[in-house]
J.: 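First, the structure itself, so that you have it in front of you.
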Amino acid sequence: MNAEAEHEFFMRSSELMGKVGPSGFMVLAYLFRVAERVDGQLVVNTTCRSSGTALGLSPTTASRKFE
């Protein structure tokens, strides 16, 4: 992640956390961190299981937060 994208993410953090809750924000931050830029777009290749494991959440909880 470049410095500009990181700055933008943290500028909107409190607003996002209020909308998606702490665990939803944690999943969103994780997805943002593992995203790769492909043809000018951010792309994430993951599963609920691997995301949940990385964050200490059950796959079911991670799956609900993806919604």
Side-chain angles (χ1 to χ4, degrees):
M1 170 184 346
N2 66 32
E4 183 179 323
E6 184 176 351
H7 176 71
E8 178 71 18
F9 179 78
F10 287 114
M11 288 287 294
R12 297 178 182 220
S13 294
S14 61
E15 180 184 339
L16 285 171
M17 192 176 298
K19 290 181 180 181
V20 299
S23 59
F25 182 79
M26 187 168 61
V27 170
L28 180 61
Y30 170 77
L31 295 175
F32 193 71
R33 185 171 51 101
V34 299
E36 297 178 4
R37 191 162 298 279
V38 176
D39 296 327
Q41 296 184 10
L42 290 178
V43 176
V44 177
N45 185 16
T46 191
T47 64
C48 296
R49 182 174 302 280
S50 63
S51 296
T53 298
L55 296 169
L57 301 172
S58 74
T60 304
T61 299
S63 174
R64 276 188 257 135
K65 301 306 171 184
F66 279 23
E67 296 171 9

J.: Got a sec, which residues hit salt bridge (charged side-chain N to carboxylate O under 4.0 Å, His left out) with E15, two or more places apart in sequence or on another chain?
T.: K19
J.: Check whether any side-chain heavy atom of E36 sits under 4.5 Å from a side-chain heavy atom of L42, and report yes or no.
T.: no
J.: Check the hydrophobic clustering (I, L, V, M, F, W, Y; side-chain heavy atoms under 4.5 Å; chains of links allowed) and say if V44 and Y30 are grouped together.
T.: yes
J.: Donor-acceptor pairs under 3.5 Å, side chain of residues 48-57 to any protein atom, not counting sequence neighbours: which ones?
T.:
{"unit_1": "S50", "atom_1": "OG", "unit_2": "T46", "atom_2": "OG1", "d": "2.9"}
{"unit_1": "S50", "atom_1": "OG", "unit_2": "T47", "atom_2": "N", "d": "3.2"}
{"unit_1": "S50", "atom_1": "OG", "unit_2": "T47", "atom_2": "O", "d": "3.3"}
{"unit_1": "S50", "atom_1": "OG", "unit_2": "T47", "atom_2": "OG1", "d": "3.0"}
{"unit_1": "S51", "atom_1": "OG", "unit_2": "T46", "atom_2": "OG1", "d": "3.0"}
{"unit_1": "S51", "atom_1": "OG", "unit_2": "T47", "atom_2": "O", "d": "3.0"}
{"unit_1": "T53", "atom_1": "OG1", "unit_2": "R49", "atom_2": "O", "d": "2.9"}

J.: When clusters are formed by joining ILVMFWY residues with side-chain heavy atoms under 4.5 Å apart, either directly or through shared neighbours, do M26 and L28 land in the same one?
T.: no
J.: Spell out, yes or no, whether F32 and F25 are grouped together once hydrophobic residues are joined by side-chain heavy atoms under 4.5 Å, including indirect joins.
T.: yes
